[in-house]
Amino acid sequence: MSAWGDTGGEATPVEPRALLASFSGPGLWLGDDARILCETEKSSALQALLCPQGMWSELGHELIAAARTRHITTRRCIAPAAGKPYGSCAYDLTLMALPVGMTTQPDAWSYLVLARDASFERNLIEALVNSRALYRDLVECCGDFVWEVDMNDRFSFVSPGGAVGYLPEALNGAAPAGLALDPHEAEELTDFFAARDDLTEKEVWVRSETGEPACLIASVRPILDEYGRVAGARGVARDVTAERRRARELNEQREDDALISALARAVQEELQPDDMLRAAAQVLMVSLDAAAAWVRPLERKPDAPDGNETASFATAVAIGIDLGDEFQAPDLDVLARDALDQAAQGRQEAENSTPAPIPTLAPNVAPTLDLGGMPSIWRKGAFLCLMTRHADMPNGMIVLLDAGHRAEEMLAHAASHIGNAIEQARQLRELARLSRTDELTGLLNRRAFIEKTEQALHALSGDQQAALFLIDLDNFKAINDTHGHAEGDALLRSLATLLQDMSSTSPGALCLPARLGGDEFALWLGGGSDALTSLAAENMLRRFELLAQTYAGDTQRPGLSIGVVRAAKGDSLPDLMASADAALYDVKRAGKGAWRMSERSAAMARVRVPS
């Protein structure tokens, strides 16, 4: 703007008053001493900026100094909003230094100031800038990963922080399919990142830069061009992998704890050893989503050398599906013995080398050996096997068919508890055995013999018969007095072995030998005729005489006195015992060392007199 008009190439001065009168914005005509010579109605803000209180301000001095050298100068200035305690206005100022002669004081300068209110433009630009910053901040706060894909389904923008370990440069221009964990999921993943419809808070798993699975929660919106056609998609995602991992770990811990609680509860509710193992197998089958389960206690024989873990395997307790003829059940003997042979080899190797560290149990990975070479968990085809331990010694094994997810981890977590359950069942079984067994000879004791004989008697049907033998070891006190109690105990054990072998007299028949107490024994022999019963009695006497040859020089040699009674259906065990006992004492009165059939069983007594 100039204060000079252009008329035919000659500069024509413009009257400042006339110019201000036709100007709609803020304007001032100021003298060199900052006096207001003329002003518009909206000039108050300019006065405050340039000449407050009738004196040039610092800004005023800068402007007039620039105007004197260039005649015209422009500047954007910020002024407080008129009549408001807050806010500001922006003005684009144009200041012209008027040449001498334009005022009533020819030797002085005057200045014409015209202003354009740029507040709306300024505020709009600031709002746009602020809104972009706000949008960026909001996006960064709401998500770890912001992206856009173009119409070719390739990343065209990735936020500066990258995604799941990838830098933006690695993803820009690449296809989302490259993030798929499985190639079969590539197309589905591309459809997600380049969604044609709105998706909100959807979970998706991708492959991180390290190759590990990463979980994202994402929202996606399609991008439309001016014709309403899909031209790409943009979205924002949060990486929730750590949260999912923590949630999974907590859930797995709850599953492990629930399995242990269920095992403890199931075992505590049962009283019989086999029922305890069956309950444990049921819990394992259900908790580990298996089709069938087998629990196999490992029993160590008392006389087995220490470390010989292949001594004795108990019958497996099985529970689960009917495998059918087409499915071959696992050979538990082979599985167990192979594992124990591997254990023995591992311990032998450990004695000659430093034991390997215990391997870390990763998900769905079954370690072959643990410290000391002891097998822990291994697979054999569709079967998952666990060797249980108690007091650091193998005591059984678990076999599961088609076990489900996390079976290895859960078994490892519960292994000690399963081993304790097997040990508890073994101790109960041992207590039951001790309560029914004569400790010295291993034969049934009186209570167990009566119980089993009652059962055998009730099981007789039709014309089936059996024989009850009551046996006294003659002159046993003399053996103890002469040779000592150790020799007497050995003689009792020899007689027990003889009685256990009597089943050969009636192959397949029930044979129940027992020590009733002291030097009194009993034998129930199922089946057979009177002749076979007589043969069995004769056999006992003859075989014991061979044993007694050891004491040929004794004045009182050991011998047997036997009372026999035949039993049939409907007989009473107390009556049978009384009849056999009467026949026994008939033998003793007759001189010992013989056998006699009860009068109720035979019309004639047959006595064998010692030679």
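Just so you know, residue 1 is the first one in the sequence shown, and it goes up from there.
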Not counting sequence neighbours, which residues clear side chain to side chain contact (heavy atoms under 4.5 Å, CB included) with [X]? List them please.
| X | result |
| --- | --- |
| Ala490 | Arg493 |
| Asp153 | Thr190, Ala194, Arg196 |
| Glu187 | Asp191 |
| Asp289 | none |

ask   = Tell me, which pairs form a ring-ring contact (aromatic ring centres under 6.0 Å, His included) where one or both residues lie in residues 193-223, sequence neighbours left out?
value = Trp147-Phe193, Phe155-Phe193
What pairs with [X] under salt bridge (charged side-chain N to carboxylate O under 4.0 Å, His left out), at least two apart in sequence or on another chain?
| X | value |
| --- | --- |
| Asp438 | Arg515 |
| Asp198 | Arg221 |
| Arg246 | none |
| Glu423 | Arg426 |

Gln253-Asp257 side chain donor-acceptor pair, cut-off 3.5 Å =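 Yes, a side-chain donor-acceptor pair sits under 3.5 Å.
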query = Who are the side-chain hydrogen bond (donor to acceptor under 3.5 Å, both in side chains) partners of Asn172, not counting sequence neighbours?
reply = none
inquiry  = Holding to side-chain hydrogen bond (donor to acceptor under 3.5 Å, both in side chains), I want the full list of residues that pass it with Asp256, two or more places apart in sequence or in another chain.
reply    = Arg406
query = Minimum heavy-atom separation for Ile377 to Glu408, with atom names?
reply = CD1-O, 3.4 Å
inquiry  = Test of understanding: with ring-ring contact (aromatic ring centres under 6.0 Å, His included), list the residues that count as partners of Phe469, not counting sequence neighbours.
reply    =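 Result, ring-ring contact (aromatic ring centres under 6.0 Å, His included) vs Phe469: none returned.
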